[in-house]
Amino acid sequence: MSTATATLDAAAAKSVARRRENWASTRTYISAAIILIWCLIPFYWMIVTAFRDVGYTFDPTPFFTHVTWDNFTTVFSENLGNHFARNLLNSLIVAGVTTIVALLFGVFAAYALARLEFRFKFLVLGFVLGASMFPGVAIVTPLFQLFTNLGWIGTYQALIIPNISFVLPLTVYTLTSFFREMPWELEEAARIDGCTQGQAFRKVIMPLAAPAVFTTAILAFIGAWNEFLIASQLSNANTATVTVAIASFAGAQPHQEPYTAVMAAGTVVTIPLVILVLVFQRKIVAGLTAGAVK
Amino acid sequence: MSTQAQPVSRRGGKTPAAGPQNKEVGEDRKRKTQGRAAALLIIPSMIVLAIVIVYPVINAIIMSFQKDQGLNPVTGTFVAGGFAGLGNYIHWLFQQCNTPSGPAACPAGTLGSQFWSATGTTFLLTVITVALETVIGFWMAVIMSRAFRGRSALRAAVLVPWAIPTAVTAKLWFFIFAFDGIANTLFHTSILWTGSEWPARSAIIIADVWKTTPFMALLILAGLQIIPAEVYEAAKVDGASAWQRFTQITLPLVRPALMVAILFRTLDALRMFDLPFIMTGGANGTTTLSILVINQIRVGFNSAAALSTITFLIIFIVAFIFVRFLGANAVASASGTGKAKIK
């Protein structure tokens with residue numbers, strides 16, 4: 001009899017535990033759904049509005065209604081004074097060159113910081129970290145005067161040079177944490193197996209380091225692509241980047257905020273980034289959090 | 001694997017014979033040769049950073065002690081420029097302007113009268129956004145750390161607000177908070193969101209929380225994942241409640257990562273510019289220090305340089321307080337010494 005109650009008790013306890021577990025997992029799913037909706041709804045709303053006829057700008061219907069491509073035509077309409085194709089090219093050049101320069105310098109510094117023993121390492125890391133936290137306005141003011149005197153306002157270097165001030169530290173910092181985690185013993189193993197130093201570097205280290213460098217390049221590019229403060233002060237009509245253009249957009253009706261066109265421009269600028277982020281999600285998360293905890 | 005444990009010379013040189021003394025000599029020599037290589041690798045980056053950061057900052061400090069040339073907007077007299085002493089700093093810190101009858105309090109509405117209100121706004125927005133982002137980010141991180149189907153989809157979705165350029169985020173929320181916009185429609189309100197102080201600030205705070213909480217959540221999540229599951233199992237066996245496990249295990253163990261995340265976000269929020277600049281143009285009590293500097297640049301850049309130097313110092317002091325008194329040691333965790341603390 002006592003054994004029977006014991007099994008009954010055990011069964012009851014098990015079912016209570018299972019019910020509790022089910023409830024916990026339901027709660028997790030509800031929370032996850034809330035987070036998902038909160039993060040994606042505003043983005044979804046931007047795309048819906050981008051495809052909506054301008055006459056229905058404030059229509060609260062949550063689906064795609066009154067669908068049109070007109071807003072995208074407005075965005076690229078030179079007649080209305082928008083030079084969005086030019087702005088896209090400008091952003092591509094500025095962000096691209098910034099990323100390449102930062103990586104060219106950053107890879108070597110990060111290798112030394114991750115792999116070599118030397119004095120002042122702590123100091124160098126502190127300096128790099130401090131530089132990445134540096135307020136943009138503190139360098140924009142003197143650079144505004146300097147570039148005005150040099151006649152550089154409206155040139156690409158006037159945007160690329162200040163961008164490097166925050167992209168290079170980010171690059172060094174992220175790459176250092178990545179490089180520290182790499183299995184460098186493999187290089188030695190390849191040497192023992194008869195590789196020359198060059199071969200060991202090409203065949204073992206490069207394939208291992210490539211994902212880290214690539215992820216860092218994505219982070220650097222997104223950072224430079226999204227920059228607004230520096231570009232808003234040091235560019236002119238010729239070099240205005242997309243973020244600057246979006247902040248001061250012209251629509252078909254004068255003196256009226258062209259919401260649908262702005263949302264269309266925002267969609268054009270954002271979609272490539274979102275695709276990049278969704279494809280490389282795992283790597284980007286690793287890159288963002290590298291160094292912060294490890 | 002630490003570098004010390006590796007064979008000494010990578011060019012195939014002789015490995016020093018075993019024995020404590022020789023080993024020490026080897027370590028010392030290694031440090032020296034590696035030091036030379038490290039210098040070669042690091043100096044180019046340092047030179048670049050010196051050109052793009054140190055040089056402008058020194059320039060700004062020199063400029064901040066110069067008078068601005070041109071017409072004085074208040075008195076209408078011509079100012080020749082020249083050495084200003086602490087004039088520009090006094091102008092901002094004490095909100096003193098030059099008038100025909102000598103220095104006096106800057107008239108309301110001029111940039112000179114806004115330093116302390118901009119400082120207040122900056123700190124107010126920083127404290128509120130960072131507090132909200134920490135709490136919500138922690139909750140998001142806890143959810144994301146659980147094992148459930150669709151977890152990687154959630155982690156990808158969370159990155160979307162982070163990836164959208166802040167300028168686009170500002171325009172998006174400006175549209176959502178438009179008078180006829182979806183926010184007023186959904187909640188059956190008719191608030192002029194950008195028309196007065198607190199609605200405008202709330203709109204900026206909501207937009208900022210939406211955009212940057214995911215970043216915070218991912219940093220905290222990385223901290224949570226370092227905590228071994230066995231610790232929780234052991235606590236469960238010992239009969240610790242969920243709340244006890246959170247306060248006794250999760251919080252203390254995640255603290256280093258959390259402090260670094262809060263430090264990063266605080267310093268970022270203190271230089272907030274894009275969102276208020278685009279959403280409100282700094283109107284209705286949303287002028288941050290960065291916006292004030294930018295507005296001043298075209299009026300007189302020597303005075304703007306003084307203000308940007310003050311802003312830089314404020315952020316530096318906050319960072320110092322964080323690292324010194326709150327133990328947010330980002331450098332230690334970056335150089336790997338934080339590891340021991342976490343484990």
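Since we're looking at a predicted model, the values are computed, not measured. Numbers restart at 1 for each chain; the letters A, B, ... are given by sequence-line order, proteins then strands.
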Do you know which of [options] has the most heavy-atom pairs with chain B at a distance under 4.5 angstrom?
options                        : value
A:F43, A:F134, A:W225          : A:F134
A:L168, A:I34, A:L278          : A:L168
A:F58, A:F280, A:F144, A:F127  : A:F58
A:I246, A:T243, A:L273, A:L229 : A:L229
A:F166, A:F120, A:Y259         : A:Y259

Taking all heavy atoms of [X] and all of [Y], pick out the closest pair and write down the distance.
X      : Y      : result
A:V277 : B:A163 : CG2-CB, 3.5 Å
A:C39  : B:A157 : CB-O, 3.9 Å
B:A60  : A:A138 : CB-O, 4.2 Å
A:I139 : B:V52  : CD1-O, 3.9 Å
B:L154 : A:A32  : CD1-O, 3.6 Å
A:V269 : B:P165 : CG1-CG, 3.8 Å

Any side-chain heavy atom of [X] within less than 4.5 Å of one from [Y]?
X      : Y      : result
A:P169 : B:L49  : yes
B:F148 : A:S25  : no
B:F301 : A:P142 : no
B:L41  : A:L116 : yes

In Å, rounded to the nearest 0.5 Å, how long is the span from [atom1] of [X] to [atom2] of [Y]?
X      : Y      : atom1 : atom2 : answer
A:L288 : B:L221 : CG    : CG    : 11.5 Å
A:S165 : B:Y55  : OG    : OH    : 15.0 Å
A:T57  : B:D180 : OG1   : CG    : 9.5 Å
A:S31  : B:W139 : OG    : CH2   : 5.0 Å
A:M46  : B:I176 : CE    : CD1   : 10.0 Å
A:F228 : B:I278 : CZ    : CD1   : 4.0 Å

Pick whichever of [options] has the most heavy-atom pairs under 4.5 Å with chain A.
options                        : value
B:K211, B:R155, B:Q225         : B:R155
B:I143, B:L270, B:D268         : B:I143
B:Q296, B:R151, B:R149         : B:R149
B:L267, B:L186, B:D274, B:T185 : B:D274
B:V48, B:I310, B:L307, B:I43   : B:V48
B:N59, B:I51, B:V293           : B:V293

If I measure from the heavy atoms of chain A, does [X] come under 4.5 Å with its side chain, its backbone, both, or neither?
X      : answer
B:I164 : both
B:F316 : neither
B:S152 : both
B:M140 : both
B:L159 : both
B:V142 : neither

Heavy-atom proximity to chain B below 4.5 Å, by part of [X]:
X      : answer
A:Y29  : side chain
A:L219 : side chain
A:L276 : neither

Stepwise side-chain contact (heavy atoms from CB on, under 4.5 Å) test for B:R271 and A:V137: CA-CA 8 Å; B:R271 53 186 179 179; A:V137 285; 5.9 Å; no
Parallel, tilted or perpendicular: ring planes of A:W45 versus B:F175, cut at 30 and 60 degrees: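 Because their plane-to-plane angle is under 30°, the rings of A:W45 and B:F175 count as parallel.
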A:W38 and B:T213: CA distance, side-chain angles, deciding distance, side-chain contact (heavy atoms from CB on, under 4.5 Å) verdict: CA-CA 11 Å; A:W38 163 247; B:T213 305; 5.6 Å; no
side-chain contact (heavy atoms from CB on, under 4.5 Å) between A:F118 and B:I42, intermediate numbers included: CA-CA 11 Å; A:F118 59 94; B:I42 283 177; 3.3 Å; yes
N/O donor-acceptor pair under 3.5 Å between A:N226 side chain and B:T166 backbone: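 Checked: no pair found.
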side-chain hydrogen bond (donor to acceptor under 3.5 Å, both in side chains) involving B:R146 - partner list, sequence neighbours excluded: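 A:T28.
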